[in-house]
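A quick write-up on the structure given underneath.
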Amino acid sequence: MSGKGFGQPQPTKIDKIVESAVRYCHKRQPESLDQIFDNLPVKLNQQVLDGTVAALKKDIDSLSWLCGYFASEINSTSDNDKPYHPITLLSKLLIKSGMQPFVDFMPYIGCRISILNNDKFEALPPKVQAAVKETFDVVETSGEEAQRINEALLRELEV
């Protein structure tokens, strides 16, 4: 007679935190993610981020939302209802094009993205590269231009 889970590896504290972070990404709850990432030491933050990204690998929508969260594009639940999120859409385009967030590109506070793997970026189709380069102008321009670029990114994602 064996008890439930007897002899089975038990989830670690990091596993449980990653599970919570993944759940908060699915539910689009930035305030809950703040509770996780604002209260962990840097080393543990990295482990939780790596685990969360790995768990969301097949959920491109939630993974790109997480990129928008880390770029400070989404600071509160009400931000989820805004009409456009250029960094989130740009992240989705890059992910669909084969680039990995936090490995090949990095979302930064201030609604910015930095390309970490230039070789991989330069191997992307010219249309994708052009969309990325255009989007960097969006961050510091009018809402009307941001909407225009956002629509262009949406059309690119539909392809």
Check the hydrophobic clustering (I, L, V, M, F, W, Y; side-chain heavy atoms under 4.5 Å; chains of links allowed) and say if Leu66 and Val103 are grouped together. no
Exam field: side chain Asn80 to backbone Thr77, donor-acceptor pair closer than 3.5 Å: yes
Taking the side chain as every heavy atom from C-beta outward, state whether Pro125 and Val128 have any pair of such atoms under 4.5 Å apart. yes
In this structure, CD of Gln35 is separated from CG of Leu40 (nearest 0.5 Å) by 11.0 Å
Taking side chain as C-beta onward, heavy atoms only, is Leu116 less than 4.5 Å from Ser114? yes
Residues which pass side chain to side chain donor-acceptor pair (under 3.5 Å) with Asn75, listed by chain and number, not counting sequence neighbours: none
Going by salt bridge (Lys or Arg N to Asp or Glu O under 4.0 Å), name the pairs with one or both residues in residues 19-31, residues two or more places apart or in two chains. none
Residues at least two apart in sequence or cross-chain that pass side-chain contact (heavy atoms from CB on, under 4.5 Å) with Ala21, listed by chain then number, are Leu33, Ile36, Val48, Thr52
Main-chain N/O of Phe105 paired with Gln100 side-chain donor or acceptor, under 3.5 Å: no
Measure from the side-chain N and O atoms of Lys120 to the backbone N and O of Gly98, and report whether any donor-acceptor pair falls under 3.5 Å. yes
From CG (Asn39) to CG (Asn45), nearest 0.5 Å: 9.0 Å
Nearest 0.5 Å please: distance from the CG atom of Leu44 over to the CD1 atom of Ile17. 7.0 Å
Scan residues 43-60 for pairs that pass salt bridge (Lys or Arg N to Asp or Glu O under 4.0 Å), counting only residues two or more places apart or in two chains. none
Applying side chain to side chain donor-acceptor pair (under 3.5 Å), name anything that partners Thr88, two or more places apart in sequence or on another chain. Glu73
Pairs where residues 75-90 contributes a residue and the test salt bridge (Lys or Arg N to Asp or Glu O under 4.0 Å) is met, not counting sequence neighbours: Asp79-Lys82
Could you tell me if the side chain of Pro101 sits less than 4.5 Å from the side chain of Leu63, heavy atoms only? yes
Is there a side-chain contact between Ile14 and Val18 in this structure, where contact means two heavy atoms from C-beta onward sitting under 4.5 Å apart? yes
Using modelled atom types only, decide if a donor and an acceptor are shared between the side chain of Gln129 and the backbone of Glu122 within a distance under 3.5 Å. yes
Can you give me the closest heavy-atom contact between Pro107 and Ile113, atom names plus distance? CA-CG1, 4.1 Å
Going by side-chain contact (heavy atoms from CB on, under 4.5 Å), name the residues that satisfy it together with Pro11, two or more places apart in sequence or in a different chain. Asp15, Lys16
With ring pair (Phe, Tyr, Trp, His ring centres under 6.0 Å) as the rule and sequence neighbours excluded, what pairs involving residues 8-48 come up? Phe37-Phe70
Enumerate the residue pairs fulfilling ring pair (Phe, Tyr, Trp, His ring centres under 6.0 Å) with a member in residues 112-131, sequence neighbours excluded, ordered by first and then second residue. none
Is there side-chain contact between Ser72 and Tyr108, with at least one heavy-atom pair below 4.5 Å? no
